[in-house]
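A quick write-up on the structure given underneath.
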Amino acid sequence: MNYLDNLNPAQKAAVLDTEGPVLVLAGAGSGKTRVLTSRIAYLIDEKHVSPDRILAITFTNKAANEMRERLISLVGDSAYVMWISTIHSMCVRILRACADKLDGYDKNFTIYSEVDKEHVIKRIISDLKYEDLPVKEAKYHISNAKNKDISPDRYAIEGANGDRNFDKYVKVYSVYEQTLKKSNAFDFDDLIVKALHLLRSDEDVLSYYADKFLYIHIDEFQDTNSTQYEIAKLLSSVHNNIFVVGDDDQSVYGWRGAEIKNILHFDKDFRTTKVHKLEQNYRSTKKILDLANTIIKNNSVRSKKVLWTDNPDGEKVEYFSGEEESNEAEYVCARIKNLVARGYEYKDFAVLMRINALSRSYEQEFTKYGIPFKVFGGFKFFERKEIKDITAYLRILVNPLDDEAVIRIINTPKRGIGDKTIETLLSYAQSYNFSVFDALCEVDMIPDLAPSARSRLKEFRTCISSLTMLSATSESLTDLINEVLVKTAFMSQFEIDTEENVSKRMNVDEFRNSVEEFVKLNPSATLEDYLSSVTLSSDIDEADSSDYVTVATIHAVKGLEFKCVFIVGLDEKIFPVSRANNELSEMEEERRLMYVAITRAQERLYLTRARSRYLYGERQGTVQSRFVKELSEKLGLPDDRPQRNSYENDVYRSYRSNDYDSAPRSTVSFGGSVSSFAKSYTSRSNAKVGKAPSSFEAYKPGKRVRHAKFGVGTIIQIKGSGQNTIADIAFKGVGVKSFSLAIAPMELLD
DNA sequence: GTGGGAGACATTTTT
DNA sequence: TGTCTCCCAC
């Protein structure tokens, strides 16, 4: 078998060890995905295991799709019937098949996203008159309890933590549970917990699945929580063939209930476990791996292993400290442009950050420099208001008990149903234990409603009923959505041509495209299937192979690799994040995250920070991240330099245009012109202390310029003003490019 | 019931 | 900075 020939002895041993519990401790870049796919192929090819009796759990949908693709190329189309998915998708599949065996639920349940969840909690808090209760905390308590499978009653006793509001949180949790049940809805945590309950409580269900899956595989095992682990134990209880792969050093989901002890103590739970260690890294250069090992050494809780590689030494890892976040981003742009000119493609680059909020300066600078990019993490497409609103209509058609969806769109688009009317409707529903939709069906019975409100509610009900009829008869999902848009006059909200409305209309269009795409790929899929896939999709799943720079949080790129990686925002309070200061375990998770970030890089690695940032509406000085300090010897940075944290100092220093904390100046070139880079510092700082920014009035359409890289060109268009002046310039043989006049290395000729 | 303006407040990471 | 909530005028 040629797929076995490509494995090293340690990998091969893991692949061939098919029977019983197996734990593979696989360092970053040690080929764990290859081991997983080779093993599954081996089971099918050599052991003649039927593909539908193999289960593989991955961490993202993207990873699942990729694994399926690889397996199709190894074993052919039989890979289609294999269960390869995230644990959440697997649970949905089980629940869609037998949720009706759980008391009070049905197979056409809705999955509530984080946004839905938040709305429900907000409403509960205000109903209970707990006005001051923070929604975020309530969310945390509920999730925390569910991740450990603790009911509200038990949480009241076991979860007590001395918080004076604790009893209120328990009450909110309890009402939340009832509310979701009444709505025939599951949140993300429920998908796992309720599937677990189902497997525990119904012997038929358990024996069906536990018998079905002869071989179970779990990737990224270090990030499973206790309920997920329970499901794995139950599913493997008949055949006992459970194969888990993970790396305790890459456990970065502790905040979501992931238990690092699941992997550290796996062999205690499964007594006959055979352990394999993969310690050879195939991904990164020696210099990059050296940094990774240096960082992770500082953690105390870990199983001892040291990654090594046969790869070449590679390029020196660069460190850059910018004056402000825009300069940090400019540095990244310059590096990318430079490397692209030397043969790299845009898709070889990733800009990784601890928090989503940092992505903005990269969006701006990349746009300015014409660098194609995609931002992952942060606001998801399907969580945008206009998209959530459309899907809410679809949700009602599938599950009329979905109160959250009904409340969401009862007055969207505006149809004159105000808060007062909605409140009356809700309390009527509540008093008879009806769903909101049920209450709508007997509008005439509701007391205290103005005649106008009554007729508007009826109108809304008629609208939904006619859509329900349509959903039963319409030919395709696409037709149905178009009908929804027409019948509800949905687009009328965005008629006026404001910038915002134009973008909303575009989003709706994009949404229709996504539906069409989905229908094409899954011809037999139902509306339920579409809605669950939308809710469960993460945006990294949307990553494709076209040529763009990836801008993402570190969490989002777990499991991926890039030739060149920028780890940006290396400031205290950003990375490590400010809240991590309290506990050692939190700080160690931050450090593991840094380890994950470093080990994404194959060939080149850049670490950057900014000495001041715009945060919370004001500019603040920052302090260099401790992680840079932990690496300073390896990076060749002088140690023990007193740390500055005063913004005043930074402004003063900017006039000296010293771009670096301490790295040698020669490591950077900016589009071939250091002076233009320095110029941008002075002018920006000027703008900030209130002096008039230098203007670029002499740059007008028709005038000619000379650019350091593209040569002579002609200005076509000028946009913006002052420091934000952007020029579109045509170059012979190059085409039209956009530049910021404040930064671009060029001079006016005419 | 709607819409605009003032003021408060926020940023961890995601299936 | 940008989003959300509250309050007031229509």
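Computed from a prediction, not measured in an experiment: that's the story for all the values here. Below, chains carry the letters A, B, ... as their sequence lines are ordered, and counting in each starts from 1.
- A cation-pi arrangement is present between A/Lys233 and A/Tyr229 under the rule of less than 6.0 angstrom and at most 45 degrees off the ring axis.
- Taking a cutoff of 4.0 Å between a charged side-chain nitrogen and a carboxylate oxygen, A/Asp571 and A/Arg609 qualify as a salt bridge.
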*asked:* What does the B/S/- profile of nucleotides 10-15 of chain B look like, 5' to 3', with a 4.0 Å heavy-atom cutoff to protein?
replied: BBBBBB
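- Here ring pair (Phe, Tyr, Trp, His ring centres under 6.0 Å) pairs that include residues 111-137 of chain A, with residues two or more places apart or in two chains, number zero.
- Within the structure, salt bridge (Lys or Arg N to Asp or Glu O under 4.0 Å) pairs that include any residue of residues 133-143 of chain A comprise A/Glu114-A/Lys139, A/Glu118-A/Lys139 (at least two apart or interchain).
- A salt bridge links A/Asp116 with A/Lys388: the distance from a Lys NZ or Arg NE/NH1/NH2 to an Asp or Glu carboxylate oxygen falls below 4.0 Å.
- Using C1' as the reference atom, B/dT12 and C/dT5 are 24 Å apart when rounded to the nearest Å.
- The residue A/Lys62 sits apart from the nucleic acid: no heavy atom pair falls under 4.0 Å.
- The CD atom of A/Glu618 sits 15 Å away from the P atom of B/dA8 (whole-angstrom rounding).
- Between A/Asn61 and A/Ser89, the shortest heavy-atom distance links the atoms OD1-OG, 3.6 Å.
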*Would A/Arg96 and A/Ser532 count as a side chain to side chain donor-acceptor pair (under 3.5 Å) if you check the C-alpha gap in whole Å, the side-chain angles of each, and the deciding distance to 0.1 Å?*
CA-CA 10 Å; A/Arg96 286 269 180 242; A/Ser532 358; 3.2 Å; yes
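- Residues A/Asn522 and A/Tyr530 bring no donor and acceptor atom of their side chains to less than 3.5 Å of each other.
- The stretch residues 404-416 of chain A participates, sequence neighbours left out, in these salt bridge (Lys or Arg N to Asp or Glu O under 4.0 Å) pairs: A/Arg123-A/Glu404, A/Asp389-A/Arg408.
- Between A/Tyr105 and A/Phe186, the distance separating the two ring centers is shorter than 6.0 angstrom.
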Could you go over nucleotides 2-4 of chain B and give all protein N or O partners under 3.5 Å, atom names and distances?
residue : atom : partner  : partner atom : Å
B/dT2   : OP1  : A/Gly416 : N            : 3.3
B/dT2   : OP2  : A/Asn411 : ND2          : 3.4

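- First and last contacts of DNA chain C with chain A, using any nucleotide atom under 4.0 Å from a protein heavy atom and ordered 5' to 3', fall at C/dT1 to C/dT5.
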